[in-house]
Protein chains: 2
Amino acid sequence: MGSLEEAIKQKEFKDPYNKLVVNLLYTHSYLVSAQNKILKPFDLSPEQFNVLRILRGQNGVPTTVSSIQDRMLNKMSNASRLVDKLKIKQLVERRECPADRRQVDIVITDKGLKLLSDCQTYMEGFNNEVVKLSEDEAILMSNLLDKLRG
Amino acid sequence: MGSLEEAIKQKEFKDPYNKLVVNLLYTHSYLVSAQNKILKPFDLSPEQFNVLRILRGQNGVPTTVSSIQDRMLNKMSNASRLVDKLKIKQLVERRECPADRRQVDIVITDKGLKLLSDCQTYMEGFNNEVVKLSEDEAILMSNLLDKLRG
DNA sequence: TGATATTAATTGTATAGACACGTATTAGTT
DNA sequence: AACTAATACGTGTCTATACAATTAATATCA
């Protein structure tokens, strides 16, 4: 299952750029599937997990919805609805922002923090297992990704 | 906007593996957004585009739904419904498979081929524009991605 | 001040991904 | 032949992405 060609049964690509784009899309699917498997028992989607992580990073300081959106990996996502799902599960709280009543302050609850730390135990070794690269190769690839986006 | 840290406003990562995974997710979103912009005028989603490409690669030989599924970048996707959308737009045809009546043969129509070749004109330079790497770097990264998945 | 523009958040709608389940058809086995 | 297993495809449901539109609150400025 190693090579991309084998995985998607395509013999050749127009050029290295085309192949790289396809490879990135395919590898993304590989990673997200693995993430899903880990988070499933916690009834969290990767996106919900990400939002909780962002909120925990605030150390109790309330964050607005748009600030969460800015920090999300997918800029076209919809933080408002994700927060909604998390609120229903009582993992976050909404508070009216007194300074600007258009904004809504979001804080992670104790239940949210607990769930996140439980997840962490399982997620700890996840990246190292799924990413079959050396540390140096991982660093090299991160740098290439930064360069790719310009 | 270069570095990942800046883009998602996260100061540090647990280790290079964690950073790489996050970087891949973020870069994926960057690529898909760009793809969407190009395909929008043609009323095609990246996934529908991919299915049409797979079908064209068959050179007129009918393909079953499960065969399309196997070649898709996202293995958890739903080829059946994607084909349905393409059929509504008359870009593909379904034919009952005489050899095995469980299967459904899919063929791209002339209208589908025309649309795909129109797209191609715009997609031609896409990868090279969006991926700001040298050819050698693109090849290096493709190899690293193959290795990443093991 | 009052009209206008901008911003924050939510909502609507279409498409797609994740995954379980149902149904028809074929393959395999005794 | 009859029973069972496997396969191909479709459907249902929930979640998320993409993007336009709406609403309420604040900022800007003539």
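Numbers restart at 1 for each chain; the letters A, B, ... are given by sequence-line order, proteins then strands.
- Between the CZ atom of A:Phe42 and the P atom of D:dT15 there is a distance of 18 Å, rounded to whole Å.
- The distance between atom CG of A:Leu39 and atom C1' of C:dG17, rounded to the nearest whole Å, is 15 Å.
- Rounded to whole Å, the distance from CG on B:Leu31 to P on D:dA18 is 12 Å.
- Contact check, A:Gln69 against C:dA8: no side-chain N or O comes under 4.0 Å of OP1 or OP2.
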Determine whether A:Lys114 and A:Asp110 satisfy the following criterion, salt bridge (charged side-chain N to carboxylate O under 4.0 Å, His left out), listing intermediate values before the conclusion. CA-CA 6 Å; A:Lys114 173 78 168 53; A:Asp110 287 345; over 6 Å; no
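- Along DNA chain D, the nucleotide closest to A:Ser77 and the one closest to A:Pro98 are compared, and the more 5′ of them pairs with A:Ser77.
- Checking B:Lys40 against A:Ser45, the closest nucleotide of DNA chain D that is more toward the 5' end is the one next to A:Ser45.
- In terms of heavy atoms, A:Pro16 sits closest to B:Ile139 at CB-CG1, 3.7 Å.
- Taking both residues in full, the closest heavy atoms of A:Arg149 and A:Asp146 are given as NH2-OD1, 3.1 Å, listed atom of the first, atom of the second, then distance.
- B:Ile54 approaches B:Ile68 most closely through the heavy-atom pair CD1-O, 4.1 Å.
- A:Val22 has its side chain out of reach of A:Lys19: every pair of non-hydrogen atoms, C-beta onward, lies at least 4.5 Å apart.
- Rounded to an integer number of Å, the gap from CG of A:Leu44 to P of C:dC19 is 14 Å.
- Listed pair B:Asn36 / C:dT15 fails the phosphate criterion, with no side-chain N or O lying under 4.0 Å from OP1 or OP2.
- For the pair A:Glu47 CD and D:dA16 C1', the interatomic distance rounds to 6 Å; values are reported in whole Å.
- B:Leu39 and B:Pro46 make their closest contact through CD1-CA, 3.5 Å (heavy atoms, listed as atom of the first residue, atom of the second, distance).
- Near-neighbour residues of DNA chain C inside residues 81-93 of chain A, defined by a heavy atom below 4.0 Å, number-ordered: A:Arg81.
- Per the geometry, NZ belonging to A:Lys75 stands 16 Å off C1' belonging to D:dA16, to the nearest Å.
- In summary, the aromatic rings of B:Phe42 and B:Tyr122 are positioned with their centroids under 6.0 Å apart.
- As rounded to whole Å, 11 Å separates atom P of C:dG17 from atom NE2 of A:His28.
- The side chain to side chain contact (heavy atoms under 4.5 Å, CB included) test with A:Leu52 is passed by exactly one of A:Thr109, A:Leu82, A:Leu113, A:Ile108: A:Ile108.
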I'd like a list of close polar pairs between nucleotides 7-9 of chain D and the protein, N/O only, cut-off under 3.5 Å.
| residue | atom | partner | partner atom | Å |
| --- | --- | --- | --- | --- |
| D:dT7 | O2 | B:Arg102 | NH1 | 2.9 |
| D:dC9 | OP1 | B:Val65 | N | 3.4 |
| D:dC9 | OP1 | B:Val104 | N | 2.8 |
| D:dC9 | OP2 | B:Ser66 | N | 2.7 |
| D:dC9 | OP2 | B:Ser66 | OG | 3.0 |

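- Separating the CG atom of A:Asn78 from the P atom of C:dA14 is a distance of 16 Å, rounded to the nearest angstrom.
- Nearest heavy-atom pair, A:Val92 versus A:Lys87, reported as atom, atom and distance to 0.1 Å: CG2-N, 3.7 Å.
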